[in-house]
Amino acid sequence: MERKVNHSVDEANYDLSPELLSVLIQKGIHTESLLKATFHPTLENLVHWSELPEVSEFLSRLERFQQERRKILVWGHEDADGFTATAVLIKILQTLGFEPLYYVPSKRTEGHGLAEAGLRYAADQNVDVIITVDTGGSDVEGVEHAKSLGLEVIITDHHEIPSVLPDTLVINPKRHGGWYPYLAGVGVALKLAWAVADRFLGWSLSRLYSEMPELFVYTLIGTLADRVPLCCENLILRKAGEQALNEHPPHFVEVLSEKIGQFPPLDLLISLISSGERQGPRHTGVDLLLEESPEVLGSLIQRQLEGVQAYRETGERLLQQALSQIRKPRRYLLIDMKDIDPKFLGFIASRVKDQYNIPTIVLGRKGEEIVAEVRAPYGFNSLELLDALAHLFSGYGGHKAASGFSMPASNLPLLVEEIEHFFRNYRVGWEDIVDLTVEDPTPKLLEDLERLGSLGVEIWVLTRYRSDVFGDRFPHYQRPPEGARIVMTSGTGTLKLVEVLES
Ligand SMILES: [Mn+2]
């Protein structure tokens, strides 16, 4: 990918070695404003909305929609990032007098992107404009279909940029060399909300925070659920969201607190939103966030809590079933879960990957199609694998660490063969995986790594162990032999030893 490196960045400001600065640039923290957000993660250092690609076109279109009294539908994605992004966009559009509808296709029955049933729903409701959140960035066909129904489409997404973009306005922070490379879908929606608030209402970001703190709580939930790196802008959004949650808990949090007799822990909020379900054209994952009536919320939450419990139980049972299929893990794992509910595929793939730390592909079925979730350990780009297999797929996309695809079931034998072939020829050593190789570590290097780790920046380094430099950073039972080659990571502020290599 082409990177817009700002060579005027003054490393002296951050007292960082040139080697570590170039690691940050490689990781996408490649402008003065992103560096500032990384080292001073406070709300006023959130990178200005105007740096989001194509945002001014987005604002002028909104202005036109307002004049022409257009009916807008926000098109979401069926996970916590998608639900929260939907809620953020709906709320900010409401402040402009729009009464947006929303639609979240079911992953199980409709798959990803601009699915047929939703487009028909939009047309039936006399919708003029669809604005997607967290989805659609590679859906060339869906966009064409929507246009043929007379719908105008604006895509907002944060997934990797495909080789062919849909022929419409696409807002994705990864465009044009990857500004703000880490934002979740809801982070993009929050940036758009800030842009709208600034342009149409004259609000600063801190005014937006005090007028609509719930937007920051939604952003917290979606960002954590999407497992994006919690550094730079995401660290800012996380801190702002936690503060908003404690100081101005949204309605659903109040009702939930009362129900369970304590302030809900974040992971319960994430599970609660994640377990949302389609109900006709509505979705409880979105309604939980938007609903204000305590009575309605009370019954929504009651049912949802039961859903969380059921999801956890079924998920654990299916996970055990998946683990029991594993015989001898080698370079990768391919597990066929046949026709279980596909909403468990991602959960299973993540947990199996965590356990074996090798690329994991979990297959399921959706009608005539095979659907799959792929999870990869640090250093393995799952999209590289999927690119190599793309000719077998009807669709695919995602991130380096987590991706998915769909495919005609008849391609299964070929898939098995080609995955095996891919990994047989896949030779990657730690040298290729780590961010930095340092022959002679210095105390300053270790301190810098710890500082970056405490700011949420994960950096992997291949170096040599020297007791005089490392001191007692690793517990004594873990200490490598003097001079051994080691792989370590900045973790969350404490250096972690990943592996001692044979030399
Ligand atoms: Mn997302």
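One is the number of the first residue; the rest follow in order along the sequence. Note that ligands are numbered from 1 as they come in the structure, with each ligand's atoms numbered from 1 the same way. Computed from heavy atoms alone, side chains included, the values below leave out hydrogens, waters and symmetry copies. Please read these numbers as outputs of a predicted model, since none were measured by experiment.
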N/O/S atom name from Asp134 that is nearest to the position of the Mn ion (ligand 1):
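Relative to the Mn ion (ligand 1), the closest nitrogen, oxygen or sulfur of Asp134 carries the name OD1.
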Taking the N/O/S atoms of Asp226 one by one, which is nearest to the Mn ion (ligand 1)?
OD2
Flag His159 as yes if one of its N/O/S atoms falls below 2.8 Å of the Mn ion (ligand 1), otherwise no.
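No N, O or S atom of His159 is closer than 2.8 Å to the Mn ion (ligand 1), so no.
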The Mn ion (ligand 1) and Asp81: any N/O/S contact shorter than 2.8 Å?
yes
Is atom CZ of Arg227 surrounded by more than 12 heavy atoms (other residues, nucleotides or ligands) closer than 6.0 Å?
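No - once you tally the heavy atoms of other residues, nucleotides and ligands closer than 6.0 Å, there are 12 at most.
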In terms of heavy-atom contacts, does NZ of Lys71 have more than 12 from other residues, nucleotides or ligands at under 6.0 Å?
yes
Aromatic ring proximity Phe393/Tyr396, centre distance under 6.0 Å:
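Under 6.0 Å, so yes.
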Could you check, using the six-membered ring where one of them is a Trp, whether Tyr218 and Phe83 have ring centers closer than 6.0 angstrom?
no
